[in-house]
**Q** 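Shown below is the structure under consideration.
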2 protein chains.
Amino acid sequence: MLEQAIFQATLDELVASGYARLSMEAVAAGAQTGKAAVYRRWASKEELVLSAMRAMLPPVGPVPDTGSLRGDLLELMRSARSAMLSLPGSAVRVIMGELDQERARPFLGLMHECVMDPGKAAVLEVLRRGTGRGEVRPEAVTPLVADVAPALMLYRAKMQGPPTDADVVALVDEVLLPLVRA
Amino acid sequence: MLEQAIFQATLDELVASGYARLSMEAVAAGAQTGKAAVYRRWASKEELVLSAMRAMLPPVGPVPDTGSLRGDLLELMRSARSAMLSLPGSAVRVIMGELDQERARPFLGLMHECVMDPGKAAVLEVLRRGTGRGEVRPEAVTPLVADVAPALMLYRAKMQGPPTDADVVALVDEVLLPLVRA
DNA sequence: TCATTAGTGAACGGTTGCGTTCACAACTGT
DNA sequence: ACAGTTGTGAACGCAACCGTTCACTAATGA
């Protein structure tokens with residue numbers, strides 16, 4: 001289907017060129033169609049990218065419940081890593097990287113809604129469950145603490161490249177567990 | 001001096017348009033000079049931006065030594081916040097935001113050398129001093145832990161806008177101190 | 001004063017991309 | 001078969017920008 005091909009090409013272009021330099025011409029070429037077909041559906045680059053992101057970001061999965069805090073955090077972070085390394089995840093990283101720029105500001109709401117808020121909610125749920133088991137000190141269950149893992153993963157991915165599974169284990173064992181334990 | 005004006009305009013343009021869309025014409029116009037004068041000194045946009053960043057980033061200040069871990073961390077993070085909110089700091093954030101893109105890859109070395117490595121070294125020194133005082137558990141003195149603060153500050157700045165002093169205090173008290181304490 | 005250097009503003013030829021239009025072909029549904 | 005819809009590839013006029021060149025002016029130093 002043509003719309004699917006256009007969305008796919010949009011994400012490819014985002015990852016290759018960033019939002020700032022993404023061009024409708026390149027997207028149309030990547031989808032093997034003409035500009036007219038793209039403009040018939042979306043009036044602007046912004047509209048197209050918003051639609052492509054909404055359509056291509058996977059639904060949020062269930063919050064893991066392994067019976068232990070470490071187990072939950074590991075599963076959550078492995079799932080986050082996996083999302084990060086996917087095409088939609090890579091496109092999200094591009095957009096987030098450009099959020100300091102005025103041009104990408106319209107994407108802030110989408111990033112909150114589809115990426116950050118669900119991720120934060122999942123971490124908070126795991127932490128709450130941990131307080132019930134006496135594994136987590138209650139004062140650690142805050143939005144700020146819940147932001148530590150995504151922040152670190154994004155930052156380290158920029159500095160060193162894609163995170164490994166060992167990176168995920170280190171994040172949980174060296175940062176998250178010491179930070180939240182009772 | 002003309003070079004100073006060109007560097008200033010370069011940073012202004014970085015913050016306004018990002019690296020991807022920064023143009024030599026806009027830089028020249030911002031410096032109230034002509035393209036020929038810019039090209040006489042720098043062969044490319046990359047060269048210009050590398051030079052401007054090297055010239056305009058302030059030297060790293062001394063590592064605070066207040067006598068207490070909390071005091072040191074607060075001073076360090078206040079200083080980081082202040083740097084972040086400056087023009088060079090804003091330009092650094094733009095470059096870092098684009099590091100996932102091939103085009104900005106040449107800046108990775110500079111970012112490590114002038115921004116990340118010195119910041120990390122300062123945090124590690126403060127932590128090491130804290131182990132000496134029995135305030136910090138020795139296993140917390142790692143590069144990963146030292147990345148928590150910059151990562152969180154950048155992430156939160158994107159999500160919510162410029163950090164306040166209260167944000168800095170919360171970062172120290174809710175995240176850093178619980179994370180590293182003995 | 002004169003020679004040299006540097007800067008200015010404009011212009012050049014070329015590239016990329018925008019948003020739009022168009023003639024024609026292909027597809028779909030009645 | 002016919003009418004309506006959609007897509008294709010090309011073209012349009014315009015804008016922005018590139019890297020370079022140029023005639024002239026201004027500044028500097030001997």
Side-chain angles (χ1 to χ4, degrees), chain A residues 1-56 90-91 94-95 97-107, chain B residues 1-56 91 94-95 97-98 100-107:
Chain A
M1 196 184 89
L2 183 61
E3 279 188 18
Q4 195 57 28
I6 291 171
F7 286 158
Q8 179 78 20
T10 301
L11 296 204
D12 288 337
E13 259 326 282
L14 269 176
V15 172
S17 311
Y19 178 69
R21 291 223 85 115
L22 173 139
S23 76
M24 299 297 261
E25 276 196 30
V27 169
Q32 295 182 302
T33 188
K35 276 201 287 187
V38 177
Y39 278 108
R40 278 187 68 254
R41 294 166 171 74
W42 300 281
S44 66
K45 170 164 130 174
E46 176 185 320
E47 234 184 86
L48 168 62
V49 172
L50 279 167
S51 292
M53 299 297 296
R54 285 188 197 281
M56 304 286 277
S90 299
V94 166
I95 297 284
E98 294 184 48
L99 277 177
D100 292 305
Q101 295 170 42
E102 196 54 48
R103 175 191 303 116
R105 206 53 46 77
F107 297 93
Chain B
M1 195 183 91
L2 185 58
E3 279 188 18
Q4 194 57 29
I6 291 172
F7 286 159
Q8 179 78 21
T10 301
L11 296 204
D12 289 336
E13 258 327 280
L14 269 175
V15 172
S17 311
Y19 177 68
R21 291 223 84 110
L22 175 138
S23 75
M24 300 295 261
E25 271 194 37
V27 169
Q32 294 181 304
T33 188
K35 274 198 289 185
V38 176
Y39 278 107
R40 278 184 68 253
R41 294 165 170 77
W42 300 282
S44 65
K45 170 165 128 172
E46 177 187 317
E47 234 184 84
L48 169 62
V49 172
L50 279 168
S51 292
M53 299 298 296
R54 285 187 197 280
M56 303 285 279
V94 164
I95 296 284
E98 294 184 43
D100 292 306
Q101 296 169 44
E102 196 53 47
R103 175 193 303 117
R105 206 50 50 75
F107 296 93

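Chain naming here is simple, since letters A, B, ... match the order of the sequence lines and numbering starts at 1 in each.
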**Q** Given side chains that start at C-beta, do those of A:R21 and B:Q101 come closer than 4.5 Å, heavy atoms only?
**A**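 Side chain of A:R21 against side chain of B:Q101, heavy atoms only: no contact under 4.5 Å found.
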**Q** Once you round it to whole Å, what is the distance between C1' of C:dA6 and CH2 of B:W42?
**A**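 Rounded to the whole Å, the gap is 14 Å.
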**Q** With a 4.0 Å heavy-atom cut-off, tell me which residues in residues 7-18 of chain B come close to DNA chain C, sorted by residue number.
**A** none
**Q** Please name the pair of heavy atoms, one in B:D100 and one in B:R105, separated by the smallest distance, quoted to 0.1 Å.
**A**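 Here B:D100 and B:R105 meet closest at O-NH2, 3.1 Å.
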**Q** Which heavy atom of B:A20 sits nearest a heavy atom of B:R103, and at what distance?
**A**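 Residues B:A20 and B:R103, closest heavy atoms: CB-NH1, 3.4 Å.
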**Q** For the pair made of CZ in A:R21 and C1' in C:dG17, what is the distance, rounded to whole Å?
**A**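 In whole Å, C:dG17 C1' lies 10 Å from A:R21 CZ.
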**Q** Please report the shortest heavy-atom distance between A:E102 and A:P106, naming the atom on each side.
**A** O-CD, 3.9 Å
**Q** Of all the choices, C:dT8, D:dT6, D:dC18, which nucleotide is nearest to the side chain of A:R40 once you look at every atom?
**A** D:dT6
**Q** Please state how far atom CD1 in B:I6 lies from atom P in C:dA6, giving the value in whole angstrom units.
**A** 14 Å
**Q** Select base, sugar-phosphate, or nothing to describe what B:R41 touches, counting heavy atoms under 4.0 Å on all strands.
**A** sugar-phosphate
**Q** Output the single nucleotide from C:dC18, D:dT8, C:dA6 whose closest atom is nearest the side chain of A:A36.
**A** D:dT8
**Q** For A:E25 and D:dA16, what is the distance between atoms CD and P respectively, to the nearest whole Å?
**A**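 One finds 17 Å between P of D:dA16 and CD of A:E25, rounded.
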**Q** Between A:V94 and A:Y19, which heavy-atom pair has the shortest distance, and what is it?
**A** CG1-N, 3.9 Å
**Q** Can you tell me how far P of C:dG9 sits from CD of B:Q32, to the nearest Å?
**A**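 Checked: the CD to P distance equals 9 Å.
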**Q** Please set out all donor-acceptor pairs under 3.5 angstrom arising from side-chain atoms of residues 3-13 of chain B, sequence neighbours excluded.
**A**
{"from": "B:E3", "atom 1": "OE2", "to": "B:R41", "atom 2": "NE", "distance (Å)": "3.3"}
{"from": "B:T10", "atom 1": "OG1", "to": "B:I6", "atom 2": "O", "distance (Å)": "2.7"}
{"from": "B:E13", "atom 1": "OE1", "to": "B:S17", "atom 2": "OG", "distance (Å)": "3.1"}

**Q** Between A:L48 (CG) and C:dC18 (C1'), how many Å, whole number?
**A**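 Taking atom C1' of C:dC18 as the reference, CG of A:L48 is at 14 Å.
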**Q** Considering only D:dT8, D:dC17, C:dC18, which nucleotide approaches the side chain of A:T33 most closely?
**A**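 Taking heavy atoms from C-beta onward, the closest nucleotide is D:dT8.
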**Q** What is the separation between atom CG on B:L2 and atom C1' on D:dA26, rounded to the nearest whole Å?
**A** 14 Å
**Q** Calculate the interatomic distance between B:M1 atom CE and C:dG7 atom C1'; express it in whole Å.
**A** 14 Å
**Q** Looking at every non-hydrogen atom in both residues, tell me the closest pair between A:A31 and A:L2 and how far apart they are.
**A** O-CD1, 4.4 Å
